[in-house]
Amino acid sequence: MLMLPGQNKTWVSEFILLGFSSDPTTNRILFIAFLLLYLSSVLGNGLIVTLICLDTRLHTPMYFFLCILSLMDMGYVTTTMPQMLVHLLSHSQTISFAGCWLQMYVFGALGVTECVLFVVMAYDRYVAICYPLHYTVILSWNLCIRLAAGTLRCGFLASLIHTIHTMWMPYCGPNKVNHYFCEGPSVRNLACMDTHLIEIVDQVLSAIFVAAPLSLIVASYVHTAMAILKIKSTRSHCKAFSTFTSHLTVVTLFYAPATYIYMRPKSSYCPERDKQVSLFYNVFTALLNPVVYSMRNKDINQALVKVMGHGRVN
């Protein structure tokens with residue numbers, strides 16, 4: 001705590017992240033489990049990025065966006081997991097105010113970026129299935145790069161607004177965050193002021209960057225599904241449906257828990273349940289993304305076979 005000169009009020013200079021358990025034996029077990037999950041997530045997404053970069057046949061808009069998604073997922077889990085692993089084995093579970101600010105900002109930026117990126121990926125599948133002959137013309141590399149840059153700008157700007165509103169509130173104690181990382185709603189509950197206005201701002205941001213993208217994705221899915229049903233070729237029908245369902249699975253795994261965390265009313269706040277839900281969309285989604293795309297994607301599997309068999313891909 002810091003004491004302001006001339007005032008009888010203390011201000012928080014660090015937070016204590018309570019994590020999942022205070023029992024040393026349980027924490028050691030959790031450390032092993034989460035370490036395996038973290039390494040699997042990073043290695044799985046890293047493998048997809050490597051394969052897409054090495055195989056020239058994967059240099060298409062679809063795999064370009066998939067590569068960005070994998071990079072986002074690696075950054076997403078790295079923002080929270082290494083610190084949580086350290087806290088599981090350490091007696092100290094503190095994080096500085098500035099460290100909490102930075103973690104919240106980066107985590108939020110990558111999360112919002114993924115939300116918008118899923119819209120871009122849905123548009124990519126829509127164009128590929130509904131306008132296959134004009135696919136490369138509509139989704140030129142210039143447009144792909146601008147779309148990718150636009151998602152990053154949206155993510156980092158939205159997170160900056162959210163983080164400033166959250167961290168500029170007065171925090172005069174207690175400083176124990178019932179979470180395993182500095183997530184906005186959990187930290188905001190410790191503020192020494194009425195947070196009603198901040199919650200309204202967050203609800204507006206959530207509507208813009210969670211509900212609105214989800215609505216666009218659903219609309220894209222409806223048009224894409226209708227186009228798939230019109231395909232007469234059984235082989236083309238199956239291929240289109242496979243890529244469509246892969247994207248649908250990944251989006252569902254990400255949006256369902258994220259929507260629960262950021263769009264539910266404060267009255268339904270439950271720290272223990274929220275930690276579990278956050279763990280799912282933070283860690284398990286990043287872990288499952290490579291599995292979903294690799295198991296259902298022949299191009300990725302063929303690239304992997306070539307890399308393992310020849311050491312390089314032409």
Side-chain angles (χ1 to χ4, degrees), residues 2 11-15 17 65 68-84 95-121 145-172 175 177 179-217 254-255 257-264 266 269 274 277-278 281-282 285-286:
L2 290 177
W11 299 92
V12 170
S13 61
E14 63 182 18
F15 291 101
L17 300 174
F65 295 128
I68 295 176
L69 176 63
S70 293
L71 290 172
M72 292 292 103
D73 282 338
M74 285 192 288
Y76 211 44
V77 294
T78 301
T79 304
T80 59
M81 290 295 285
Q83 181 190 58
M84 183 180 71
I95 180 173
S96 67
F97 189 90
C100 187
W101 195 100
L102 181 62
Q103 185 182 60
M104 185 185 301
Y105 174 63
V106 175
F107 182 84
L110 295 177
V112 175
T113 299
E114 282 205 24
C115 286
V116 182
L117 182 62
F118 282 131
V119 178
V120 175
M121 295 178 72
I145 292 174
R146 285 192 285 118
L147 287 173
T151 61
L152 288 169
R153 284 196 294 267
C154 287
F156 282 84
L157 176 60
S159 183
L160 181 63
I161 297 173
H162 164 75
T163 306
I164 288 177
H165 274 85
T166 300
M167 300 306 286
W168 277 12
M169 292 189 292
Y171 293 93
C172 49
N175 66 336
V177 181
H179 215 296
Y180 66 92
F181 74 100
C182 287
E183 190 170 44
S186 299
V187 175
R188 189 170 57 230
N189 284 332
L190 302 179
C192 305
M193 62 172 287
D194 182 8
T195 61
H196 180 68
L197 179 61
I198 306 300
E199 290 168 12
I200 293 177
V201 173
D202 268 3
Q203 288 292 326
V204 172
L205 289 175
S206 297
I208 295 174
F209 293 103
V210 177
L214 185 58
S215 300
L216 292 174
I217 291 172
F254 180 85
Y255 266 98
T259 301
Y260 167 78
I261 290 293
Y262 290 100
M263 298 199 67
R264 50 131 168 85
K266 184 179 179 181
Y269 175 74
D274 285 3
V277 174
S278 296
Y281 80 84
N282 177 209
T285 301

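Just so you know, these numbers come straight off a predicted model, no measurement behind them.
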Nearest heavy-atom pair of N282 and A286: which atoms, and what distance?
-> O-CB, 3.9 Å
Identify the heavy atoms of V116 and C154 that sit nearest to each other, and give their distance.
-> CG2-CB, 4.2 Å
Does the pair V187 and M167 meet the rule for a side chain to side chain contact (heavy atoms under 4.5 Å, CB included), with working shown?
-> CA-CA 8 Å; V187 175; M167 300 306 286; 4.2 Å; yes
Run the numbers on Q83 and L17 for side chain to side chain contact (heavy atoms under 4.5 Å, CB included), then give the verdict.
-> CA-CA 10 Å; Q83 181 190 58; L17 300 174; 3.5 Å; yes
Apply the test side chain to side chain contact (heavy atoms under 4.5 Å, CB included) to residues Y171 and T166: give CA-CA distance (whole Å), side-chain angles for both, the deciding distance (0.1 Å), then the verdict.
-> CA-CA 10 Å; Y171 293 93; T166 300; 3.6 Å; yes
Looking at CE of M104 and NE2 of H162, how far apart are the two atoms once the value is rounded to the nearest 0.5 Å?
-> 5.5 Å
Mind checking the OG1-CG spacing from T113 to L71? Nearest 0.5 Å is all I need.
-> 12.0 Å
Give the minimum heavy-atom separation between V277 and P257, together with the two atoms involved.
-> CG1-CB, 3.4 Å
Starting at NE2 of H179, measure out to CG of N189 and round the result to the nearest 0.5 Å.
-> 10.5 Å
Per ring-ring contact (aromatic ring centres under 6.0 Å, His included), F181 is matched among F107, F15, Y76 by F107
Does the side chain of D274 come within less than 4.5 Å of S186's, by heavy atoms?
-> no
Please list, chain by chain and in numerical order, all residues satisfying side-chain contact (heavy atoms from CB on, under 4.5 Å) with T285, sequence neighbours excluded.
-> L253, F254, F280, Y281, N289
Rounding to 0.5 Å, atoms OG1 (T163) and CH2 (W168) come to a distance of 11.5 Å
Rounded distance [0.5 Å steps], CE in M169 versus CD1 in I164 = 12.5 Å
Hey, does the side chain of S159 reach the backbone of Y105 with a donor-acceptor pair shorter than 3.5 angstrom?
-> yes
Carefully, step by step, assess L214 and F118 under the rule side chain to side chain contact (heavy atoms under 4.5 Å, CB included).
-> CA-CA 9 Å; L214 185 58; F118 282 131; over 6 Å; no
Find out whether D73 and E114 are in side-chain contact, i.e. whether some heavy atom of one side chain is under 4.5 Å from a heavy atom of the other.
-> yes
Short question: side chain of Y255, backbone of C115 - any donor-acceptor pair under 3.5 Å?
-> yes
Residues L117 and I68: closest non-hydrogen pair is CD2-CG2, 3.9 Å
Could you tell me the separation between the CG atom of L69 and the CE atom of M121, rounded to the nearest 0.5 Å?
-> 5.0 Å
Shortest non-hydrogen pair, M74 vs V77, comes out as O-CG2, 3.4 Å
